[in-house]
Amino acid sequence: MKILVLSDSHSGLSFMRRCIESVKPDVMIHLGDYFDDAVAISEEYPHIPLYQVPGNCDRYRCPPDFPEIRIERIFGVNLYMTHGHRHRVKQYLGALLRDAKLSRADAVLYGHTHVADCRQDEEGLWVLNPGSCGYFGGSAGLIEVNNNKISSCRIIRQENLEEIL
């Protein structure tokens, strides 16, 4: 099963569409900044379930009571989703990693920095920032789940989309 992770689209929908067409994900996740971009994409691809959280630029783009942090079990893995601004991820990841581990997450997904990062820590927690799908040519995250476990987690960019087809 494929999970496409997007963040910080900032009205840049074209790379999001190319990712969806190439990856053919089973689920999409949008980690904020611009919340309404994910809504528009979800309307274009209504057969793909969407999970999303708002970012620091989404105050007037989503319902005021929409949760900024979501912990969801998707295909048997626990995903901790947040934009990251409340955890101050531009300074350090300590608070974010602590909260994800306390929630027993298999992966923590965050955005905000526009810098793509994908790695697994020494305790096995996957840490994924898909970067920005709206800036710098675009980047996204791709998580593959098999038998209720993350089998791969990586960053994809425009040049990788050809390899995925």
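- Formation of a donor-acceptor pair under 3.5 Å by the Ser132 side chain with backbone atoms of Tyr135 is found in this model.
- Pairs engaging residues 64-76 under the side chain to side chain donor-acceptor pair (under 3.5 Å) rule: Glu68-Arg86, Arg70-Glu72, Arg73-Asn78 [sequence neighbours left out].
- Taking the side-chain contact (heavy atoms from CB on, under 4.5 Å) definition, one finds that Ala105 meets it with Tyr80, Ala100, Ser103, Leu125, sequence neighbours left out.
- Sorted pairs that involve residues 147-161 and meet salt bridge (charged side-chain N to carboxylate O under 4.0 Å, His left out), not counting sequence neighbours, are lacking altogether.
- The minimum heavy-atom distance linking Asp37 with Ser9 is given by the pair OD2-OG, 2.6 Å.
- Interatomic distance, CG of Leu142 versus SG of Cys153, reported as 8.0 Å (0.5 Å rounding).
- If you check the side chains of Thr113 and Asn129, you find a donor sitting under 3.5 Å from an acceptor.
- Under the rule for a side-chain contact (heavy atoms from CB on, under 4.5 Å), the partners of Ala38 that lie at least two apart in sequence or sit in another chain are His30, Leu50, Gln52.
- In this structure, the separation between SG on Cys19 and NZ on Lys24 is 12.0 Å, given to the nearest 0.5 Å.
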Run the side-chain contact (heavy atoms from CB on, under 4.5 Å) check on Glu21 and Tyr45 step by step: do they pass? CA-CA 10 Å; Glu21 292 299 323; Tyr45 300 91; 2.8 Å; yes
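- Here the CD1 atom belonging to Ile48 is positioned 4.5 Å from the CE atom belonging to Met28, to the nearest 0.5 angstrom.
- Applying the salt bridge (charged side-chain N to carboxylate O under 4.0 Å, His left out) test to residues at least two apart or on different chains, the pairs with a partner in residues 103-119 are Asp117-Arg119.
- Sorted by first then second residue, the salt bridge (charged side-chain N to carboxylate O under 4.0 Å, His left out) pairs that include residues 125-147, not counting sequence neighbours, number zero.
- Pairing each heavy atom of Pro130 with each of Gly141, the nearest pair is CB-N, 3.4 Å.
- Linking Ile, Leu, Val, Met, Phe, Trp and Tyr residues whenever their side-chain heavy atoms come within less than 4.5 Å leaves Ile69 and Phe35 in two separate clusters.
- For Lys101, the salt bridge (Lys or Arg N to Asp or Glu O under 4.0 Å) criterion is met by Asp121, Glu123, not counting sequence neighbours.
- Contact record, Leu4 with Ala140: CD1-CB, 4.0 Å, taken as the closest heavy-atom pair.
- In this structure, NE2 in His85 is found 15.0 Å from OH in Tyr110, a value given to the nearest 0.5 Å.
- The distance from atom CG of Asp33 to atom SG of Cys57, rounded to the nearest 0.5 Å, is 4.0 Å.
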Leu161 and Phe15: CA distance, side-chain angles, deciding distance, side-chain contact (heavy atoms from CB on, under 4.5 Å) verdict: CA-CA 10 Å; Leu161 293 180; Phe15 181 73; 4.0 Å; yes
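- Checked against side-chain contact (heavy atoms from CB on, under 4.5 Å), Gln91 has the following partners two or more places apart in sequence or in another chain: Arg88.
- His114 places none of its side-chain heavy atoms less than 4.5 Å from the side chain of Lys90.
- Sorted by first and then second residue, the ring-ring contact (aromatic ring centres under 6.0 Å, His included) pairs involving residues 142-161 (not counting sequence neighbours) form an empty list.
- In this structure Asn146 satisfies the side-chain contact (heavy atoms from CB on, under 4.5 Å) test together with Ser151, sequence neighbours excluded.
- Chaining together hydrophobic side chains whose heavy atoms lie under 4.5 Å apart places Ile3 alongside Met1, Val5, Val27, Ile29, Leu31, Tyr51, Val53, Ile74, Phe75, Val77, Leu79, Met81, Leu109, Trp126, Leu128, Ile143, Val145, Ile150, Ile155.
- Hydrophobic clustering (side-chain heavy atoms under 4.5 Å, transitive across Ile, Leu, Val, Met, Phe, Trp, Tyr) keeps Ile156 apart from Val115.
- Atom OG of Ser152 and atom NZ of Lys2 lie 10.0 Å apart (nearest 0.5 Å).
- With hydrogens and angles ignored, the 3.5 Å screen pairs no side-chain donor or acceptor of Asp99 with any backbone N or O of Leu96.
- Nearest heavy atoms, Asp8 versus Gly131: OD2-O, 4.0 Å.
- Relative orientation of the His112 and His83 rings is perpendicular, given thresholds of 30° and 60° on the angle between their planes.
- Shown here are the side chain to side chain donor-acceptor pair (under 3.5 Å) partners of Asp36, two or more places apart in sequence or in another chain: Arg61.
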